[in-house]
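To keep things clear, I will list the structure first and then write my remarks on it.
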Amino acid sequence: MLAMAAIMPAFSTPMSSSSYSIPSLTISSGGHTGLQSSSYKLQDIKGQAVIGSGASGSYGLGLGGVYGTLGEGGGGGGGGGMPGLGPDDGLIQNTRIRIDGNDIVLSWTRTGSVASVDIWRSADEDYNPAGAWTRIDTNITVSEQRYTGIVRNVPHKAYYRVVPNLTDLTNIHLRSNNAITVGKFDLVDLPAATNLISTPLVCFTGTSITNVFSGQLDGLIFYNFDDRGQTYTEISTIVHGKSYWVTLPTIKTVTIVGGVPNVAFNSIIYGGSKYNLIGSPTAKAIAPFSGAGFPALGSDNQVYWFSNLDQTYFGLRETPFGFNPGVGFWYYHTGSDYPWTLTRP
């Protein structure tokens, strides 16, 4: 078992969250016993683990989340998997995005008789109506375009489509023009603390921490939660649909670049009173929460969001809260395992 000091926030003063709830357990904290409650307030913990036991096994709960072993869950990996991108078969192919210093660089390949391209940009990703897109460059005959000074800077969300020159607004989304949308997504002002983050874009260069975060978080330790086995592991690769704990020494904005997933995402939600540490596999905020392929929230499906800024949990209710990108959630499910599918419109 990993030491909690490595994965949970350390607080010198008490914190509380009146809306945070956990399954009814007998737990103890810092010598205080008998704290049995379904709406336990995170008070007087001060960086100490909360230890307890329930009918299905032993539990640990700290400010960094659930750890240890719950019930009889076996080994194996948790939910999540690369959603991937569909066939790259448009007139414009091999569309890529990368970070170069403080700049974003787009590149692509023209096919057939395409002599030049236009670049369109939106503040929202590819779910949205075409009317939200604006043409920002036109009649480009080279195969690369640079946008200076926008890494870790405004616009904090920007999505790009490269299409044949003179393509009109109503046709820029056609796969026959370009199957791939790329973008940048900023995790803004992550505090100097333990953060729960997720990655909503598909990295083109690989799944290593270095590749996914373009070297911005090198040297830091990431922890994944095995949803099936209910244990923490230190990881070196990032998986879509999961979220990860990482402690930052200073406040930091992190820019993520990659492809916008354009095929259905499939994973597994583990039940039997298990916790699933999940993150949105898309950059589109989806509301209500059940709109992302989950059952309606209730006693059998409980969701907790960890606020990196406040360093505390909030229990979620179905309306109006949505499934937001870039952050992380605990999803507690008492029923049977079920397939989680997020279908692209």
Side-chain angles (χ1 to χ4, degrees), residues 1-10 60 62-69 73-85 96-100 151-152 182 184-187 190-259 261 265-268 270 274-283 306 308 325-331 340:
M1 182 184 298
L2 297 171
M4 281 303 295
I7 57 176
M8 61 183 290
L63 303 185
V66 177
Y67 73 100
T69 301
M82 285 292 291
L85 300 169
R96 297 293 184 264
I97 183 170
R98 72 179 192 273
I99 290 176
D100 184 16
V151 174
R152 299 177 294 276
V182 298
K184 62 155 287 195
F185 184 95
D186 285 351
L187 304 175
L190 296 174
T194 297
N195 293 266
L196 186 59
I197 62 175
S198 59
T199 55
L201 299 172
V202 178
C203 180
F204 290 111
T205 56
T207 59
S208 73
I209 291 170
T210 294
N211 287 335
V212 171
F213 296 102
S214 303
Q216 297 165 92
L217 298 179
D218 282 1
L220 302 180
I221 299 175
F222 282 68
Y223 291 97
N224 170 47
F225 189 71
D226 178 355
D227 301 334
R228 181 182 178 188
Q230 300 285 278
T231 56
Y232 270 113
T233 56
E234 183 179 333
I235 54 93
S236 59
T237 58
I238 299 297
V239 176
H240 259 72
K242 296 286 292 178
S243 55
Y244 301 90
W245 295 103
V246 59
T247 300
L248 301 184
T250 59
I251 187 171
K252 190 177 186 67
T253 292
V254 177
T255 294
I256 299 170
V257 296
F265 171 81
N266 295 285
S267 186
I268 297 174
Y270 290 97
K274 288 184 177 179
Y275 289 84
N276 298 262
L277 190 58
I278 60 175
S280 176
T282 175
F306 184 74
N308 295 320
V327 296
F329 306 86
W330 283 112
Y331 180 10
W340 168 27

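Here the closest heavy-atom approach between residue A283 and residue F185 is recorded as CB-CD1, 4.3 Å. Closest non-hydrogen pair, S243 versus V327, comes out as CB-O, 4.3 Å. Between P261 and L85 the shortest heavy-atom distance is CA-CD2, 3.7 Å. A pairwise comparison of heavy atoms in L217 and L248 identifies CD2-CD2, 3.8 Å as the closest pair. The shortest non-hydrogen separation linking T253 to R152 is O-CD, 2.9 Å. Closest heavy-atom contact between S198 and S280: OG-N, 4.0 Å.
Side chain of K274 to backbone of D227: no donor-acceptor contact under 3.5 angstrom is found. At distances below 3.5 Å, at least one donor-acceptor pair connects side-chain atoms of N276 with backbone N or O atoms of Y331. At distances below 3.5 Å, at least one donor-acceptor pair connects side-chain atoms of N195 with backbone N or O atoms of A193. Without hydrogens or angle criteria, K242 side chain to F225 main chain gives a donor-acceptor distance under 3.5 Å. Judged by distance alone, with hydrogens and angles left aside, the side-chain atoms of Q216 form a donor-acceptor pair with the main-chain N or O of T255 at under 3.5 Å. Put simply, the side chain of T210 never gets that close to the backbone of G215: no donor and acceptor are under 3.5 Å apart. Of the possible polar contacts, none joining the T250 side chain to the A192 backbone as a donor-acceptor pair under 3.5 Å is found. Within the 3.5 Å criterion, the main-chain N or O of V246 finds no donor-acceptor partner in the side chain of T194. Looking only at distances, no side-chain donor or acceptor of T199 sits under 3.5 Å from a matching main-chain atom of L201. In this structure, Y270 contributes its side chain and G229 its backbone to no donor-acceptor pair below 3.5 Å.
Rounded to the nearest 0.5 angstrom, Y232 OH and D226 CG are separated by 12.0 Å. Rounding to the nearest 0.5 Å places CD1 of I209 at 8.5 Å from CG of D218. We find the CD1-OG1 distance between I235 and T207 to be 9.5 Å, quoted to the nearest 0.5 Å.
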Verdict with supporting geometry, F204 and I97, side-chain contact (heavy atoms from CB on, under 4.5 Å): CA-CA 8 Å; F204 290 111; I97 183 170; 4.2 Å; yes
Residue pair Y275, L277: steps toward the side-chain contact (heavy atoms from CB on, under 4.5 Å) verdict: CA-CA 7 Å; Y275 289 84; L277 190 58; over 6 Å; no
Residue pair I256, L187: steps toward the side-chain contact (heavy atoms from CB on, under 4.5 Å) verdict: CA-CA 8 Å; I256 299 170; L187 304 175; 3.9 Å; yes
Full working for side-chain contact (heavy atoms from CB on, under 4.5 Å) between T247 and L220: CA-CA 7 Å; T247 300; L220 302 180; over 6 Å; no
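Looking only at side-chain heavy atoms (C-beta outward), F222 and V212 stay at 4.5 Å or farther from each other.
Looking at I99, V182, T205 one by one, the single match for side chain to side chain contact (heavy atoms under 4.5 Å, CB included) with V257 turns out to be I99.
The aromatic rings of W340 and F265 sit perpendicular, their planes meeting at an angle over 60°, well past the 30° parallel limit.
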